[in-house]
**Student:** 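There's a structure below that I have some questions on.
It should be emphasised that the depicted structure is a prediction, and the values quoted were computed from it without experimental measurement. These values consider heavy atoms only, across backbone and side chains, with no hydrogens, waters or symmetry-generated copies.
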Amino acid sequence: MVTVSSFPIWFVDVVGSVLMIVFTFVSLGYCLELKKNEPTDIIIINYLLWVCVALAVFAISRSAGHLLKQIFQLSGHQALWTAIQPFSGAINTFTFIVVASVTLFFERTWAIYGTILKDRQALQTAHEELIYLNQNLEGLVEERTEALAISEQKYRRIFEVSRDMILVTRTDGRILNINPAGQQLCGLSTAGDSAIEGQLFQNYLLGPDDWKDINQHIENRGFISSEEFDLLLEDGSHRRVLLSGSLAKTPSEEGETIHFLVKDIEQRRLMQKQMAQADKLASIGELSSGIAHEINNPLGIILGYTQLLLRGEDPQSDRYNDLKTIEKHVRSCKAIVEDLLNFARTSHPHKEQIDIHAVITDVVHFVRHHSNLENIQIETALAPKLPSVLMDEKKIKQVLINLLMNAIHAVGRSGTIRIATGTNTAANRITVEVADTGHGIAKENLPRIFDPFFTTKPTGEGTGLGLSVSYGIIKGHGGHIIVKSEPDQGAAFTLSLPVSPAIAER
């Protein structure tokens, strides 16, 4: 009964021991197969493999112990099993210690492995982002390159077409780049780019201390704003300019550079001078008007009494000659006073629609018959279909005669005087130019030619009121006079007169 009842236990013990060995080695085989397929997997290498080996040893040890136990009991060698049993238990304990050690070691390894996996994942993500950026970077670079090209083209166009000088220099003043307007302002042709680049900008400044002043501004503030200087041109002349500039730090090999914007204000300065001249003339006119009236009355009385005395004198007597001399000079003084009054008079002239060509023809005919022209040629270039102008014919003739007489005096014994007309449709004006090939007007005299009593003629040959009176007449007609002259190259006076709206619309 005991034998029959213990058989299932024995069977389970023996078969279980054998199956444990089989299953352990099957697991070990699968683990080796996984290691072969995944050689870099730290879980298979460091944990499963070691656990399977330890369990295999444990299975062999335990199964062998159970089998030996059954064999010794059946064969009656119970004592022998008693001697071997402690060793079998020790082996089993050792294998469990190995499994526990592997498990404890793996916990630390797993933490390291987790960190590695996290870093690996981060690297993978970064790699994917780099791939994405690399794929899109080409498009971004193309867009940015195109935008830079457009920007460069835009600023290059501004640089090229600017009517003001744009200049780039080093901090020592050496010119690195200059636009065409700057070359033209300096008197260079557009093709003369290399002629100015590399030179010192201070060589084109008239004042010897101008560059020092510019540098002082830039060192103190980093910029200079709207300061006036005189620019020395290639032909030796100079022009007034408005200069602004700032210091720019660039990563290029040039290092620090100064960017200048130079604006030509010569015309503005001349306009300011003309406005000041007009104000001065107006003031002189008001003063002259009062003085002329005070002088004119005594002169009239002197002239009247002189003429009364002349009636009772013998024309052959010395007294008669003396009285004629007095009469002559009194009349000359009255003429000067009359011109002065005409210059100062503010009343409106008597205007009507007049053909300017007819006026010019009459004036030229008069001058030719009443002046000793000798070798002086008067030429005319009259524009066709010139509109008539609302003007005072006598006063305009006075202006033209005055300009022609001045031209004859400037030409001297021989030369050419040219009268030309034209239209300025945009300004709705006609122009009359009187030009000569005479000695010209000195630059220092140009601002003063319209001043009353200013003349370069010898004493007794001019009163200095002709151009002043002409200036007042043209201003009274709503026009203006422009004079251009160079020494020894003649002079050109241009009258600009407005066309009335009714005439302009035809």
**Student:** Mind running side-chain contact (heavy atoms from CB on, under 4.5 Å) on Leu390 and His477 for me, showing each step along the way?
**Tutor:** CA-CA 8 Å; Leu390 187 65; His477 281 74; over 6 Å; no

**Student:** Strictly by salt bridge (charged side-chain N to carboxylate O under 4.0 Å, His left out), give each pair with a member in residues 318-327 just once, sequence neighbours left out.
**Tutor:** Glu313-Arg319, Lys324-Glu327, Glu327-Arg331

**Student:** Under the salt bridge (charged side-chain N to carboxylate O under 4.0 Å, His left out) definition, can you give me all pairs with a residue in residues 405-434, not counting sequence neighbours?
**Tutor:** none

**Student:** Could you walk me through whether Asn406 and Asn402 pass side-chain hydrogen bond (donor to acceptor under 3.5 Å, both in side chains), step by step?
**Tutor:** CA-CA 6 Å; Asn406 286 345; Asn402 183 270; 3.3 Å; yes

**Student:** Counting C-beta onward and ignoring hydrogens, is there a side-chain heavy-atom pair between Gln398 and Ile396 closer than 4.5 Å?
**Tutor:** no

**Student:** Are Asp230 and Arg239 ion-paired here, with the side-chain N under 4.0 Å from a carboxylate O?
**Tutor:** no

**Student:** If you take all heavy atoms of Gly415 and Thr437, which pair is closest and at what distance?
**Tutor:** CA-OG1, 3.6 Å

**Student:** Can you name the closest pair of heavy atoms from Thr169 and Trp211 and give their distance?
**Tutor:** OG1-CH2, 4.3 Å

**Student:** Which residues satisfy the ring-ring contact (aromatic ring centres under 6.0 Å, His included) test with Phe201, sequence neighbours excluded?
**Tutor:** Phe260

**Student:** Heavy atoms, side chains only, cut-off 4.5 Å: are Ile360 and Leu382 in contact?
**Tutor:** yes

**Student:** In plain terms, say whether Lys351 and Asp392 are close enough for a salt bridge, that is, a side-chain N and a carboxylate O under 4.0 Å apart.
**Tutor:** no

**Student:** Which heavy atom of Ile378 sits nearest a heavy atom of Arg368, and at what distance?
**Tutor:** O-NH2, 2.7 Å

**Student:** For the residue pair Ser485 and Gly490, what are the closest heavy atoms and their distance?
**Tutor:** OG-O, 3.0 Å

**Student:** Using the rule given for side-chain contact (heavy atoms from CB on, under 4.5 Å), can you reason through Glu219 versus Leu247, listing the C-alpha separation, both sets of side-chain angles and the distance that settles it, and then say yes or no?
**Tutor:** CA-CA 9 Å; Glu219 287 178 3; Leu247 188 65; over 6 Å; no

**Student:** Per the side-chain contact (heavy atoms from CB on, under 4.5 Å) rule, which among Thr361, Val363, Val364 passes with Ile419?
**Tutor:** Val364

**Student:** Take His259 and Leu167 through the side-chain contact (heavy atoms from CB on, under 4.5 Å) test and state the conclusion after the steps.
**Tutor:** CA-CA 6 Å; His259 294 200; Leu167 181 71; over 6 Å; no

**Student:** Under 3.5 Å, is there a donor-acceptor pair between the side chain of Asn179 and the main chain of Gly182?
**Tutor:** yes

**Student:** Please give me the minimum heavy-atom distance between Val330 and Leu299, naming the atom from each residue.
**Tutor:** CG1-O, 3.5 Å

**Student:** Would you indicate whether Lys484, at its atom NZ, is surrounded by more than 12 heavy atoms from other residues, nucleotides or ligands within a distance under 6.0 Å?
**Tutor:** no

**Student:** Quick one: does any side-chain atom of Ser246 pair with a main-chain N or O of Phe223 as donor and acceptor, under 3.5 Å?
**Tutor:** no

**Student:** Hey, are Thr125 and His127 close enough side-chain-wise for a donor-acceptor pair under 3.5 Å?
**Tutor:** no

**Student:** Kindly indicate whether the side chain of Val168, heavy atoms from C-beta on, has any atom under 4.5 Å from the side chain of Ile175.
**Tutor:** no

**Student:** Is the number of heavy atoms from other residues, nucleotides or ligands within 6.0 Å of CD (Glu146) greater than 12?
**Tutor:** no

**Student:** Counting distance only, does the side-chain N/O of Glu227 pair as donor-acceptor with the main-chain N or O of Asp213 below 3.5 Å?
**Tutor:** no

**Student:** Testing the basics here: between Leu323 and Thr306, what is the closest heavy-atom pair and its distance to 0.1 Å?
**Tutor:** O-CG2, 3.3 Å

**Student:** I'd like to know if the side chain of Ser162 and the backbone of Asp164 have a donor-acceptor N/O pair within less than 3.5 Å.
**Tutor:** yes

**Student:** Take atom CD in Gln307; do more than 12 heavy atoms of anything else shown fall under 6.0 Å from it?
**Tutor:** yes

**Student:** Taking the side chain as every heavy atom from C-beta outward, state whether Leu386 and Thr423 have any pair of such atoms under 4.5 Å apart.
**Tutor:** yes

**Student:** Other residues, nucleotides and ligands only: do more than 12 of their heavy atoms fall within 6.0 Å of CZ on Arg163?
**Tutor:** no

**Student:** Less than 4.5 Å apart, side chain to side chain, heavy atoms only: is that true for Leu243 and Lys263?
**Tutor:** no

